[in-house]
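This report concerns only the one structure given below.
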Amino acid sequence: MAKNKKPNPKSLARKPRGFPDKREDVLKAELDMIHRVSSVYRLWGFEGIETGAFEYADALGKFLPDQDRPNAGVFAIQDDDEQWMSLRYDLTAPLARFAAEHWDTLPKPFRRYAYGPVWRNEKPGPGRFREFMQCDADTVGAKGPAADAEMIAMMAEALKAAGAQRFNVRVNTRDLMSGLLDSIDARDEETRLIILRALDKLDRLGLSGVADLLGEGREDESGDYTKGAGLDAERVKRVLAFAESGKSSRGETLEALAAVVSGNEAYDRGIAELREIDGLLSAMGAPDGVVVFDPTIVRGLEYYTGPVFEGELLDEILDEKGRAVRIGSVGGGGRYDGLVSRFRNEEIPATGFSLGISRLAAAMSLTGELNALSGPVVVLVLDREHVADSHVLAHQLRAAGIRSEVYMGSSGMRPQMKYADRRGAPAVVIVGEDERQKGTVTIKDLIVGAQKAKAIKDNTEWRESRPGQVEVSRDEMVATIKGMLEADN
RNA sequence: GCCGCCUUAGCUCAGUAGGUUAGAGCGCUAGAUUGUGGAUCUAGAGGUCCCCUGUUCGAACCAGGGAGGCGGUACCA
């Protein structure tokens with residue numbers, strides 16, 4: 001069976017997974033979101049900073065490439081001088097580097113926003129990419145809950161500005177968790193981690209799943225076994241009571257939390273901190289019920305040192321096949337007092353958050369919340385020798401601020417109409433011999449045309465009626481199309 | 001990383017206890033309509049049946065390996 005050795009050219013056109021191709025709908029949605037979200041940040045007094053895609057690996061921190069797996073988690077390459085550089089995996093680490101480098105000359109506290117792509121080398125899924133856009137805001141050099149509350153309130157505003165309809169921002173704080181762990185006498189670091197990770201999974205696994213993880217362990221449906229924390233029944237009960245303290249209002253949650261543990265210093269400090277944040281949130285206009293307290297919010301364990309929070313969409317999201325998909329959080333943040341200090345011999349507190357633009361756009365794309373594509377007005381070309389004429393018309397439309405183009409292909413009228421249809425063009429402009437003689441143009445409103453055509457059954461009527469079509473003098477073209485666009489929208 | 005399922009036309013999927021020319025619907029192209037998209041009718045184009053190796057007279061179908069996709073789980077700055 002002799003085969004030619006030429007590889008199938010089609011098999012070369014492959015896209016690495018997790019690196020999304022974005023077409024106009026998603027692309028525009030993301031750009032608009034970035035614009036609206038960063039406008040919120042600017043409104044609150046934050047200034048923009050952009051840093052490069054690569055950082056030296058040791059500046060990014062924890063993920064030092066080791067010899068065996070230099071690309072675990074991050075994408076890393078070696079520079080000419082053999083130093084490891086990594087593509088940034090978030091916008092916070094570069095900020096920490098920037099702030100530390102310029103600390104002496106910056107206004108303090110330093111308030112900045114940033115947006116751009118970040119990269120993570122991990123398994124992609126729905127709403128989960130290896131290259132994605134984030135839009136962050138952080139304050140470096142401010143301690144105390146006001147800076148944290150500001151971040152939380154601003155995140156809620158930013159999510160709303162980004163177009164999220166139903167969402168909440170759930171807030172927790174580290175002291176509360178370590179107080180809880182102390183109160184059940186979980187001293188061992190590994191046990192503490194297991195308990196926190198178990199709490200984090202409440203929304204996914206439910207109470208009984210979390211109970212299994214707190215006790216002996218849990219076997220999932222694929223038969224994989226996860227070792228539990230090994231707590232006794234009494235302690236499991238206590239942790240579950242803590243997990244269930246999240247109520248729909250902040251005040252109720254604080255009350256419920258206060259009843260779970262008593263006489264623990266860190267725990268009381270956590271409650272006091274949340275109480276203060278509650279007051280500040282109200283002062284900043286963050287609505288109760290949208291911004292809530294939730295003791296099961298965990299976030300990065302080695303990273304955050306105080307309040308933590310995350311934003312989540314509340315709508316059930318279905319994929320193209322109607323299956324429920326778990327998109328997860330669309331943003332989050334918290335206080336990270338150790339991150340900038342790492343570069344300096346002084347304490348530099350910091351707090352901030354990140355909004356997952358790509359994930360939000362992906363979620364909205366699945367729920368059909370993205371605006372439908374709308375193409376340019378297409379000016380048809382019926383006789384090649386009069387192309388310039390079409391360009392004159394397109395030029396007039398553009399001068400009036402109407403998005404428009406001349407058909408650039410070489411096909412006849414019918415394919416040109418099809419082209420306009422596929423582009424989502426609101427209208428086409430037709431100038432042929434007839435119109436040229438009379439000094440007119442024919443304008444077809446494709447949206448109205450489509451609506452009217454639905455009523456037509458008969459074939460000849462189909463052919464002869466020209467739904468949504470008008471012939472006007474050239475002078476009236478711009479005004480007529482403007483009128484159509486206003487009526488359409 | 002681990003576990004499970006899947007891979008046939010651009011898309012969604014049929015298919016044969018291994019047997020000549022591999023099918024449907026949608027989409028695409030063209031005509032019916034000499035200057036009209038979306039309806040209708042007709043015709044047409046489009047496939048290394050994921051890849052490699054093996055078993056066989058013969059493999060899209062069977063076996064082994066690999067790749068890719070999907071889901072779960074672990075980790076997640």
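Letters A, B, ... are given to chains in the order of the sequence lines, protein chains preceding strands, and every chain is numbered from 1.
A/Q469 comes within 4.0 angstrom of a nucleotide base, judged by non-hydrogen atoms across all strands. At a threshold of 4.0 angstrom between heavy atoms, the contacts of A/R197 are confined to the sugar-phosphate backbone, with no base atom among them. Looking at heavy-atom distances under 4.0 Å, A/P16 makes no contact with the nucleic acid at all. Here A/E435 lies in heavy-atom contact (under 4.0 Å) with a base. Among the protein residues, A/K201 comes within range of the sugar-phosphate backbone only, with heavy atoms under 4.0 Å from sugar or phosphate atoms but none that close to a base. Within 4.0 Å of A/L380, counting heavy atoms only, lies no atom of the nucleic acid at all. Residue A/A453 is classed as a base contact, given a heavy-atom separation below 4.0 Å to a base.
Between A/Y303 and A/Y89, the distance from one ring center to the other does not fall under 6.0 angstrom.
As rounded to the nearest Å, B/U36 and B/A45 have P atoms that lie 26 Å from one another. B/A63 sits 31 Å from B/A24 when the C1' atoms are compared, rounded to a whole Å. Here the separation of B/A60 from B/A67, taken at their P atoms, is 23 Å to the nearest Å. Rounded to a whole angstrom, the distance from the P atom of B/C2 to that of B/G54 is 28 Å. For the C1' atoms, the distance linking B/A77 with B/G4 amounts to 30 Å, nearest Å. The same atom, C1', is picked in B/U55 and in B/C70; the two are 31 Å apart, to the nearest Å. Taking the C1' atom of each, B/U56 and B/G18 are spaced 9 Å apart, rounded to whole Å. Using C1' as the reference atom, B/C61 and B/C49 are 9 Å apart when rounded to the nearest Å.
When the side-chain nitrogen and oxygen atoms of A/K418 are compared with OP1 and OP2 of B/U29, one or more of them lie within a distance under 4.0 Å. When the side-chain nitrogen and oxygen atoms of A/R17 are compared with OP1 and OP2 of B/G68, none of them lie within a distance under 4.0 Å.
A/R120 has its CZ atom 16 Å from the P atom of B/C75, to the nearest Å. Rounding to whole angstrom units, CD of residue A/Q451 and P of B/A39 are separated by 16 Å. For A/L205 and B/U73, the CG to P distance is 7 Å, given to the nearest whole Å. Between the P atom of B/U73 and the NZ atom of A/K227 lies a distance of 20 Å, rounded to the nearest Å. For A/M417 and B/A30, the CE to P distance is 15 Å, given to the nearest whole Å. Atom-to-atom, CZ of A/F353 to P of B/A77 comes out at 17 Å; the value is rounded to the nearest Å.
With hydrogens and angles ignored, the 3.5 Å screen pairs a side-chain donor or acceptor of A/R342 with a backbone N or O of A/A59.
Of the listed nucleotides (B/G37, B/G35, B/A77), B/G35 has the atom at the smallest distance from the side chain of A/D434. Of the candidate nucleotides B/A77, B/U73, B/U36, B/U36 has the atom lying nearest to any side-chain atom of A/M413. Of all nucleotides listed (B/G37, B/C28, B/C75), B/C28 comes nearest to the side chain of A/R422. Side-chain proximity of A/P415 to B/A77, B/A30, B/G71: nearest is B/A30. Picking from B/A32, B/G35, B/U73 the nucleotide with the shortest atom distance to the side chain of A/R414 gives B/A32. Picking from B/U73, B/C28, B/A77 the nucleotide with the shortest atom distance to the side chain of A/R204 gives B/U73.
Ion pairing between a basic and an acidic side chain is recognised when a charged N comes within 4.0 Å of a carboxylate O; A/E150 and A/R111 show such pairing. Using a 4.0 Å cut-off between a side-chain N of Lys or Arg and a carboxylate O of Asp or Glu, A/D212 and A/K201 do not qualify as a salt bridge. Ion pairing between a basic and an acidic side chain is recognised when a charged N comes within 4.0 Å of a carboxylate O; A/R436 and A/D389 show such pairing.
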Q) Step by step, would you call A/F343 with A/F98 a ring pair (Phe, Tyr, Trp, His ring centres under 6.0 Å)? A) CA-CA 10 Å; A/F343 298 101; A/F98 176 90; over 10 Å; no
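The aromatic rings of A/Y419 and A/Y407 sit perpendicular, their planes meeting at an angle over 60°, well past the 30° parallel limit.
Put simply, the side chain of A/K15 and the base of B/G68 share no donor and acceptor less than 3.5 Å apart. Scanning atom types as modelled, one donor and one acceptor separated by under 3.5 angstrom connect the side chain of A/R128 and the base of B/C76.
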